Visitor: 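First the structure, then my questions, so here it is.
From a predicted model like this one, the values you see are computed outputs, not experimental measurements. Note on naming: letters A, B, ... go to the chains in the order of the sequence lines (proteins, then strands), and numbering restarts at 1 for each one. Because only heavy atoms are used, hydrogens play no part in the values below, and waters and symmetry mates are left out as well, while side chains stay in.
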Amino acid sequence: MPHYQAVKGARDIFPEEMARWKYVEGVIHSIAALYGFSEIRTPIFEYTELFQRGIGSTTDIVGKEMFSFQPDPQGRSITLRPEMTAGVMRAALQKNILSSAPVHKLYYISELFRKERPQAGRQRQFSQFGAELLGVSSSAAVAEVITLMMQLFESLGVHSLCLRINSLGDTEDRLRYRSALQSYFAPYHDQLDDSSKERLEKNPLRILDSKNPAMQELVAGAPRLYDYLSASAVAEFEKVLFYLSERSISYQIDYRLVRGLDYYSHAAFEVTSPALGAQDAIGGGGRYDGLARELGNASDLPAAGFAVGMERLLMTMEKQGLFTTLNPQGPLVCVVTQQQELEDHAMQIAWRLRKAGISTETDLASRSMKAQMREANRMRAAYALFVGAEELSTGLYSLKNLLTSEQTTLSLDAVIEILREPLLREQVRS
RNA sequence: GUGAUUGUAGCUCAGUUGGUUAGAGCGCCAGGUUGUGGCCCUGGAGGUCGGGGGUUCGAGUCCCCUCAUUCACCCCA
């Protein structure tokens with residue numbers, strides 16, 4: 001074991017894996033553009049109150065999972081962001097972007113931090129792709145972000161996902177339901193587990209998605225939130241379902257889906273992946289019309305959005321074998337030399353090739369010719385260019401096609417001419 | 001925060017009831033081919049056996065503590 005290791009729950013991404021990230025990120029950028037979303041970056045930390053107010057102080061995230069610290073004794077507490085929505089909303093309100101246009105569509109791919117015990121599909125530093133549609137409060141907006149998310153999965157070839165959706169109604173609906181739940185559970189108080197007892201007081205809705213089998217039994221007989229929705233909330237929800245059906249997006253209504261963040265209202269959804277372990281949520285989101293007011297804004301700023309766990313997405317793709325065609329590109333040519341006196345000349349040639357726009361490698365470690373050739377082969381170079389005394393005197397170099405083993409003798413200008421041919425790489429290494 | 005699991009070479013792992021100098025495969029390096037890669041053959045480098053303490057004539061092996069890993073709970077992406 002090396003003396004220093006990465007911090008618990010944090011990991012390194014090496015070049016082989018990086019290729020996958022680049023690929024997925026590329027697809028994300030183009031699909032976001034397709035739907036008219038623009039990228040935003042916000043600070044990696046925020047004042048702690050932002051998350052306490054935005055996410056909700058009764059949530060697990062705020063209660064026990066935040067990395068918080070105080071830069072100076074008198075100063076305000078700062079927190080490494082555990083999610084993105086609060087920060088994006090803060091940025092939008094701070095700049096008052098709605099005054100420039102009534103609707104804003106923003107997306108991000110960002111690093112998040114949560115102080116949890118790491119396990120399969122869960123790290124302390126992780127990243128999410130997310131989109132926020134600000135300024136419109138409608139079923140159409142929710143449907144649009146869900147559609148965007150599902151199209152991303154489809155474009156990547158991810159399959160067998162399960163989209164579950166529910167409506168949490170508006171604030172009044174939830175208040176009425178909340179007291180109904182409390183009176184339902186009250187007689188069972190002794191049978192509740194510790195966390196459910198606590199939730200009964202603070203946030204009874206959360207008892208619904210408890211995984212404890214004993215709790216689930218009790219929950220089965222509990223009143224349904226759906227029955228407490230106002231007529232308009234039901235209509236809105238059905239409109240969302242209509243849009244989804246119309247776009248051939250299959251879903252499953254889950255009346256017990258409540259999600260852990262306080263800011264959701266009306267539609268809330270979650271996508272799970274069968275390829276993951278116990279932590280199988282690959283994405284989730286909903287509507288959060290009241291968040292802006294919660295953050296001190298004078299009026300509501302209607303909004304809808306989602307977040308997709310990048311690591312979980314990549315993990316699912318890996319499991320589903322979607323990366324097999326992704327081969328890292330090697331250099332086009334390796335400049336190889338035998339005599340050490342010619343090293344400088346070889347590097348000079350490598351420089352000239354690179355100036356000509358040809359990706360080139362050369363040995364910097366004074367290794368044997370055999371080692372250099374082995375290296376060229378390992379990095380899947382298409383060609384080797386030999387630099388020796390003979391070449392130096394004649395000005396003609398030996399260019400070897402490493403796939404066909406054919407070798408020709410050419411002037412450097414001719415070599416550059418050949419290697420510049422753009423389609424060459426595909427022909428050589430298909 | 002709770003529970004369980006696993007720590008031996010760069011990687012994947014062997015290592016008998018405690019017994020001399022801790023092994024294999026792959027990878028890496030070199031040679032076979034003194035100017036030519038992949039395949040093959042030969043050789044080489046590389047290990048505080050996670051760390052600390054204890055038991056013992058003797059510990060990779062047994063005991064305690066500790067650190068780390070992984071999985072699960074909780075909850076979430």
Visitor: Below 4.0 angstrom from OP1 or OP2 of B:G37, is there any side-chain N or O of A:R378?
Guide: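 Answer no for this pair, as no side-chain N or O of A:R378 is under 4.0 Å from OP1 or OP2.
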Visitor: May I have the step-by-step check of ring pair (Phe, Tyr, Trp, His ring centres under 6.0 Å) for A:Y177 and A:Y228, ending in yes or no?
Guide: CA-CA 6 Å; A:Y177 178 61; A:Y228 285 75; 5.4 Å; yes
Visitor: Report the distance from atom CD of A:E116 to atom P of B:G1, rounded to the nearest whole Å.
Guide: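 Value for this atom pair: 13 Å.
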Visitor: Under 4.0 angstrom, heavy atoms only, what part of the nucleic acid is A:Q123 near: base, sugar-phosphate, or nothing?
Guide: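 The answer is base, as A:Q123 lies within the cut-off (heavy atoms under 4.0 Å) of a base atom.
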Visitor: Which part of the nucleic acid, if any, lies within contact of A:E311, taking any heavy atom under 4.0 Å across all strands shown: a base, the sugar-phosphate backbone alone, or nothing?
Guide: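 If one applies the 4.0 Å heavy-atom cut-off, A:E311 turns out to touch nothing in the nucleic acid.
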Visitor: Determine whether the aromatic ring of A:F126 stacks with the base of B:A77, defined as ring centroids separated by less than 5.5 Å and ring planes inclined by less than 30°.
Guide: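 Yes; centroid distance and tilt both under limits.
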Visitor: Could you give the CZ-to-P distance, from A:R374 to B:C40, as a whole number of Å?
Guide: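 Going from A:R374 (CZ) to B:C40 (P), I get 13 Å.
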Visitor: What is the distance, to the nearest angstrom, from the CD atom on A:Q372 to the P atom on B:G37?
Guide: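 So the CD-P distance, A:Q372 to B:G37, works out to 12 Å.
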Visitor: Taking atom C1' in both B:A9 and B:C65, what distance in whole Å separates the two?
Guide: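 Pairwise C1' distance, B:A9 against B:C65, rounds to 28 Å.
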Visitor: Answer yes or no: does a side-chain N or O of A:Q119 lie under 4.0 Å from OP1 or OP2 of B:C73?
Guide: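 So the side-chain polar atoms of A:Q119 do come within 4.0 Å of the phosphate oxygens OP1 or OP2 of B:C73, strictly under.
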Visitor: Using only heavy-atom distances, decide whether a donor-acceptor pair under 3.5 angstrom links the side-chain of A:R122 to the base of B:C74.
Guide: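 Pair found.
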Visitor: Has A:Q407 got a side-chain N or O lying under 4.0 Å from the OP1 or OP2 atom of B:G35?
Guide: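 Checking B:G35 against A:Q407, no side-chain N or O comes under 4.0 Å of OP1 or OP2.
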Visitor: Check every strand shown and say whether A:Q125 touches a base, only sugar-phosphate, or nothing at a heavy-atom separation below 4.0 Å.
Guide: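 Result for A:Q125 = nothing.
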Visitor: Classify the nucleic acid contact of A:G130 as base, sugar-phosphate or nothing, counting any heavy atom under 4.0 Å across all strands shown.
Guide: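 Nothing, no heavy atom under 4.0 Å.
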Visitor: With no angle test and no hydrogens, is the base of B:G38 tied to the side chain of A:K370 by a donor-acceptor pair under 3.5 Å?
Guide: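 A donor-acceptor contact between them is absent.
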Visitor: Under the 3.5 Å rule, do the base of B:G31 and the side chain of A:S368 count as making a donor-acceptor pair?
Guide: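 Side chain to base: no pair present.
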Visitor: Under 4.0 Å between a side-chain N or O of A:T337 and OP1 or OP2 of B:G35?
Guide: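 No, A:T337 has no side-chain N/O under 4.0 Å of OP1/OP2 on B:G35.
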Visitor: How would you label the contact of A:R312 with the nucleic acid (heavy atoms, under 4.0 Å): base, sugar-phosphate, or nothing?
Guide: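 If one applies the 4.0 Å heavy-atom cut-off, A:R312 turns out to touch a base.
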Visitor: Taking pairing as Watson-Crick or G-U wobble with both contacts under 3.5 Å, can you name the mate of B:G1, or confirm there isn't one?
Guide: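 For B:G1, the partner nucleotide comes out as B:C73, under the 3.5 Å rule.
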Visitor: Under a 3.5 Å cut-off for both contacts, is B:C26 paired Watson-Crick or G-U wobble with anything, and if yes, with which nucleotide?
Guide: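 Paired with B:C26, as far as the under-3.5 Å criterion goes, is B:G10.
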Visitor: Counting the atoms with a prime plus P, OP1 and OP2 as sugar-phosphate, which does A:A384 contact under 4.0 Å by heavy atoms, base, sugar-phosphate, or nothing?
Guide: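 No contact.
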Visitor: Between A:K8 (NZ) and B:C71 (P), how many Å, whole number?
Guide: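 In whole Å, B:C71 P and A:K8 NZ are 13 Å from each other.
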Visitor: I'd like to know if the side chain of A:E343 pairs up with that of A:S366 as donor and acceptor (distance under 3.5 Å, no hydrogens or angles considered).
Guide: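 Yes, side-chain donor-acceptor contact under 3.5 Å.
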Visitor: Using atom P in both nucleotides, what's the gap between B:C40 and B:C26 to the nearest angstrom?
Guide: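 Per the computed distance, 9 Å lies between those P atoms.
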Visitor: Once you round to the nearest 0.5 Å, how far does CE of A:M89 lie from CG of A:L134?
Guide: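 These two atoms lie 5.5 Å from each other.
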Visitor: Tell me: CZ of A:R117 to P of B:G1, nearest whole Å?
Guide: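 One finds 7 Å between P of B:G1 and CZ of A:R117, rounded.
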Visitor: Hey, what's the ring geometry for A:F69 with A:F45, parallel, tilted or perpendicular (30° and 60° as the breaks)?
Guide: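 Correct class here is tilted.
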